[in-house]
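Have a look at the structure below, then the notes.
Sequence lines set the chain letters: A, B, ... in the order given, protein chains first and strands last, and positions in each chain run from 1.
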Amino acid sequence: MRVATWNINSVRLRRPILEDYIHKHQPDILCLQETKVVNQDFPASFFHQLGYPYQEIAGMKSYNGVAILSKIPLTANPIRPWCSMHDCRHLSVELPGGLVIHNFYVPAGGDIPDPHLNKKFAHKLSFVREMADFLKSTHNTDQPVVILGDFNIAPSPFDVWSHQQLIDVVSHTPVEIDLLNSVQQSLNWVDAVRQFFPETQKLYSWWSYRATDWKKSNRGRRLDHIWITPKLRPFLQKALIVEDARGWHTPSDHVPVQITLNLA
DNA sequence: ATGGTCGCAACGCGA
């Protein structure tokens, strides 16, 4: 079973490359962030025709928005507020065998890495704290659970093009990394993607639109993650970051990240 | 050198 995450930065605009990605990599469950569309206008029939009849969506006008598209039947968990807001940053579903998937779109956090000067950064820190509390109180390590999405944090020095130059840049500051580590420790989450690469190998899933040549400058960050509970570790077979997708026509600034779980 | 580019939707905001 292939499970994927992709911050799509407008699901409607990305239909051509979504189709390309789906044909090439055949995810069974595709989790999207930044769909930027209200539920009424979500391209449901488009995904239905591509083989994803089971769909859970939570969208709003202009911003945010998450979706889970599946070839496998699933049950949606009730949508809950985050930081007392219903801003379409989380969806979770349960599969027939009991596997639970949480799709997160963590706030980007603005530019200034100080919660007293920047409300967006304060929101980001609160959101990640709430993630840790929620996961600890909802699950245990013996349950088969996947959390994935755009976490908007690159935790390791090898998840950014320059640890030194990004240490004060939102997405790689110590306070964010400490909080994401507290999420990791909440349930002994396994970074499913890093398992397949040396700890010191640079890995990126996002490259800014502002670079003249994203590939040449290669100033990337790994903001998109797939984590699994220890219970699922024996079934983890493969991980893939589809870096090519950054160079496809009219790309998102994020690329798809996917894992293969060898579940019977 | 301290910029730059996107998408949505309306001429600004968020990333």
In whole angstroms, how far is the P atom of B:dC8 from the CZ atom of A:Phe42?
14 Å

Please write out each protein N/O paired with an N/O of nucleotides 12-15 of chain B under 3.5 Å, distance rounded to 0.1 Å.
unit_1 : atom_1 : unit_2   : atom_2 : d
B:dA15 : N6     : A:Arg210 : NH2    : 2.5
B:dA15 : N1     : A:Arg210 : NH2    : 3.2

Ignoring hydrogens and geometry beyond distance, is a side-chain donor-acceptor pair present between A:Glu176 and A:Ser171 at under 3.5 Å?
no

Whole-Å distance, A:Asp111 CG to B:dG3 P, equals 12 Å

Taking atom C1' of B:dG4 as reference, at what distance in whole Å does atom CH2 of A:Trp214 sit?
18 Å

More than 12 non-hydrogen atoms from neighbouring residues, nucleotides or ligands closer than 6.0 Å to NZ on A:Lys231, yes or no?
no

Is a donor on one side and an acceptor on the other found under 3.5 Å between the side chain of A:Asn64 and the backbone of A:Asp87?
yes

Parallel, tilted or perpendicular, as decided by the 30° and 60° cut-offs, for the rings of A:Phe42 and A:Phe47:
parallel

Could you give the distance separating B:dG7 and B:dC11 at their C1' atoms, to the nearest angstrom?
14 Å

Taking the C1' atom in each of B:dC13 and B:dA9, what is the distance between them to the nearest angstrom?
10 Å

More than 12 foreign heavy atoms under 6.0 Å from CG of A:Asp111: is that the case here?
no

Count the heavy atoms of every other residue, nucleotide or ligand shown that sit under 6.0 Å from NZ of A:Lys24, and state whether that count exceeds 12.
yes

Rounded to the nearest Å, what distance is computed from the CG atom of residue A:Asp41 to the P atom of nucleotide B:dC8?
12 Å

In whole Å, measure the gap between the C1' atoms of B:dG14 and B:dA10 for me.
15 Å

Taking the P atom of each, how far is B:dG12 from B:dA1, in whole Å?
30 Å

Whole-Å distance separating the CH2 atom of A:Trp207 from the C1' atom of B:dC6
17 Å

Heavy-atom nearest nucleotide on DNA chain B for A:Ala211 versus A:Lys61: which residue maps closer to 5'?
A:Ala211

Where does the angle between the aromatic ring planes of A:Phe104 and A:His102 fall among parallel (under 30°), tilted (30 to 60°) and perpendicular (over 60°)?
parallel

What nucleic acid atoms does A:Thr250 come within less than 4.0 Å of, heavy atoms only: base, sugar-phosphate, or nothing?
sugar-phosphate

Touch class at under 4.0 angstrom, heavy-atom based, for A:Arg219 against every strand present:
nothing

